[in-house]
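Right, one structure below, let's go through it.
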Amino acid sequence: MPMSLTRPHVPVAPGGDHPCGYLHSVETGAAVDGPGMRVVLFLSGCLFRCSYCHNPDTWKLHNGRLVTLDEAVAEVSPYARFLKRSGGVTLSGGEPLMQAAFAGALLRRLKDEFGLHCALDTQGFLHADVDDDWFDPVDLVLLDIKHSDPDAYQRLVGQPLQPTLDFARRLVRLGKSMWIRYVLVPGVTDGAADIDRLGEFLVSLGSAVERVEVLPFHQLGASKWESLDMDYPLADTPVPTAEQTDAARKRFAAYGLTVY
């Protein structure tokens, strides 16, 4: 059964109209979360329960620290001049759309005050909760499509696939660029038919899909599951070999997609 879609309450900053938000962590000097060097702000809270999640500590909203919009902007401002020349900022999680009001206000501030390239790392499940203009500051969406088969997707993450596919089509309508992220898990997401199904869908999105990133599954998050006293469902799953990863990339590339 899908989890409730009730959005948790996030308070407003005292004496103001701007929302506060729960910020899990900040990474500076990131080089794999969009073009160039970036600051990545990880917001806490996520409706998904991905079997291979390497950040289960971000699932609960209150696992982050409560910050005002000004405090979140201050995390980026020391690097803004460098970032404008060399990269940008990425909003990740958790799932940023769990805190849509805060995330949207933060993206607008970063765009308006610093002129930064802004990327959104999301699975897009909650996109229907926000209006089109919410995406105005967003230059790039790192869209995580975790499986192409609806039943397998539901088993893997605990939520339906269709909202994510609808979000991808919405981004095409809005003229937004996408980098598709696909985690390659042996025996779970590496099936030829599953890759072909996703390849066909991505081709239908046209030039909006700038690239596909095939990300090999790893076991680096296992210790976090253990520290949270949670059973890790993929504890015995091997990491993909170089040959398996190369085969998946070639299969996507056969559809004319740019693949990394």
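Note that this is a predicted model, so its numbers are computed, not measured. Atom set for the values below is all heavy atoms of this structure, side chains included, hydrogens, waters and symmetry mates excluded.
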Q | Minimum heavy-atom distance Gly124-Leu97, with the two atoms named | A | CA-CD1, 4.4 Å

Q) Quick one: are Leu198 and Tyr182 in side-chain contact, heavy atoms under 4.5 Å? A) yes

Q.
If you define the side chain from C-beta out and look only at heavy atoms, does anything of Glu95 sit under 4.5 Å from Thr122?
A. yes

Q) Short question: side chain of Asn63, backbone of Thr58 - any donor-acceptor pair under 3.5 Å? A) no

Q.
Would the distance check show the side chain of Thr90 and the main-chain N or O of Val40 forming a donor-acceptor pair, the cut-off being under 3.5 Å?
A. no

Q | Distance, nearest 0.5 Å, that separates CG of Leu91 from CG of Asp33 | A | 11.5 Å

Q: For Asp132, enumerate each residue passing the salt bridge (Lys or Arg N to Asp or Glu O under 4.0 Å) test, keeping only those at least two apart in sequence or located in another chain.
A: Arg170, Arg173

Q. Between the main-chain N or O of Arg197 and the side-chain N or O of Glu200, is there a donor-acceptor pair closer than 3.5 Å?
A. no

**Q.** Salt bridge Arg249-Asp246, side-chain N to carboxylate O under 4.0 Å
**A.** no

(Q) Holding to side chain to side chain donor-acceptor pair (under 3.5 Å), I want the full list of residues that pass it with Lys111, two or more places apart in sequence or in another chain. (A) Asp139

Q) Are Arg81 and Phe114 close enough that some pair of their side-chain heavy atoms sits under 4.5 Å apart? A) no

Distance-only donor-acceptor pairs under 3.5 Å for side chains of residues 228-240, two or more places apart:
unit_1, atom_1, unit_2, atom_2, d
Tyr232, OH, Gln219, OE1, 3.4

Q. Looking only at atom types and distance, does a side-chain atom of Glu213 sit under 3.5 Å from a main-chain N or O of Leu215, one as donor and one as acceptor?
A. no

Q. With a 4.5 Å limit on heavy-atom distance, are the side chains of Pro96 and Phe102 in contact?
A. no

Q) So, for Phe135 and Phe167, is the gap between ring centers shorter than 6.0 Å? A) yes

Q: Measure the CG-CG distance between Leu140 and Asp121 for me, rounded to the nearest 0.5 Å.
A: 9.5 Å

(Q) Quick one, Leu126 and Leu47 - any side-chain contact, counting heavy atoms below 4.5 Å? (A) yes

Q.
Has Trp134 got a side-chain atom pairing as donor or acceptor with Ala100's backbone, closer than 3.5 angstrom?
A. yes

**Q.** Interatomic distance, Leu23 atom CG to Ser44 atom OG [nearest 0.5 angstrom]
**A.** 7.5 Å

Q: Please tell me if the side chains of Tyr22 and Gln99 come closer than 4.5 Å, counting only heavy atoms from C-beta onward.
A: yes

**Q.** Any donor-acceptor N/O pair, Asp149 side chain to Asp151 backbone, under 3.5 Å
**A.** yes

Q) Distance-only, no hydrogens or angles: does the His24 side chain make a donor-acceptor pair with backbone N or O of Trp59 under 3.5 Å? A) no

Q) What is the distance from atom CG of Leu61 to atom SG of Cys46, rounded to the nearest 0.5 Å? A) 11.0 Å

**Q.** Ser177 side chain to Ala208 backbone, donor-acceptor under 3.5 Å
**A.** no

Q: May I ask you to say whether Arg65 pairs ionically with Glu75, meaning some side-chain N is under 4.0 Å from a carboxylate O?
A: yes

Q: State, yes or no, whether a side-chain contact exists between Glu210 and Thr258 at a heavy-atom distance under 4.5 Å.
A: no

**Q.** Ion pair Arg251/Asp190, N-O distance below 4.0 Å
**A.** no

Q. At what distance, to the nearest 0.5 angstrom, does CZ of Arg38 lie from OG of Ser86?
A. 11.0 Å

Q. How long is the span from the CG atom in Leu184 to the CZ atom in Phe217, to the nearest 0.5 Å?
A. 10.5 Å

Q. Sub-3.5 Å donor-acceptor pair from the side chain of Ser148 to the main-chain atoms of Asp194, do we have one?
A. yes

Q.
Less than 4.5 Å apart, side chain to side chain, heavy atoms only: is that true for Ile180 and Leu142?
A. no

**Q.** Any donor-acceptor pair under 3.5 Å from Thr189 side chain to Val183 backbone
**A.** yes

